[in-house]
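Below: the structure, in structure tokens.
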Amino acid sequence: MMERQVDTRIALSEVPYVMRAMGFYPSEQEVEDMLNEVKFSKYVETGQDVTDIDLGGFIKCKSK
């Protein structure tokens, strides 16, 4: 048997599906706003887009 690998990060493209699976149903505009906020959160510092989010960032997104 192979050992199961658990990743603590979620791709931004999967965030809306995870939210809906948890019972949170944001509008398409709310989803777009949340993803853009995360995607460009470090752009000024690094010049790169964020492509995934960790559990802490996901919880912050969901609680707004």
Side-chain angles (χ1 to χ4, degrees):
M1 293 185 121
M2 294 176 51
E3 190 172 312
R4 184 174 183 201
Q5 296 290 327
V6 177
D7 193 6
T8 60
R9 302 192 66 78
I10 303 169
L12 287 182
S13 61
E14 298 297 319
V15 168
Y17 305 114
V18 174
M19 286 184 159
R20 290 181 183 115
M22 295 176 65
F24 182 66
Y25 299 95
S27 68
E28 291 300 317
Q29 184 63 49
E30 290 173 321
V31 168
E32 186 176 337
D33 291 345
M34 284 186 274
L35 294 180
N36 283 334
E37 184 177 334
V38 172
K39 184 176 182 180
F40 297 111
S41 63
K42 296 185 181 182
Y43 189 79
V44 173
E45 298 167 10
T46 64
Q48 296 179 345
D49 296 342
V50 175
T51 58
D52 56 5
I53 189 169
D54 63 355
L55 179 61
F58 177 74
I59 291 170
K60 287 179 190 174
C61 243
K62 189 173 178 295
S63 64
K64 288 186 178 184

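A chain of hydrophobic side-chain contacts below 4.5 Å, direct or via other Ile, Leu, Val, Met, Phe, Trp or Tyr residues, connects M22 to I10. Following chains of ILVMFWY side-chain contacts shorter than 4.5 Å, one cannot reach Y43 starting from L35, and the two form parts of different hydrophobic clusters.
Closest non-hydrogen pair, S41 versus V38, comes out as OG-O, 2.8 Å. Nearest heavy atom pair, residue L12 against residue V50, reads CD1-O, 3.1 Å.
Atom CZ of F40 has more than 12 neighbouring heavy atoms from other residues, nucleotides or ligands inside a 6.0 Å radius.
Side-chain atoms of T8 and L55, non-hydrogen and from C-beta on, never get closer than 4.5 Å to each other. Proximity of D33 to P26: side-chain heavy atoms (C-beta onward) are nowhere separated by under 4.5 Å. Looking only at side-chain heavy atoms (C-beta outward), V31 and R20 come within less than 4.5 Å of each other. You'll find the side chain of M34 stays beyond 4.5 Å of the side chain of V15, heavy atoms only.
With sequence neighbours left out, the salt bridge (Lys or Arg N to Asp or Glu O under 4.0 Å) criterion links D52 to R9.
Using modelled atom types, no side-chain atom of E45 and backbone atom of K42 make a donor-acceptor pair closer than 3.5 Å.
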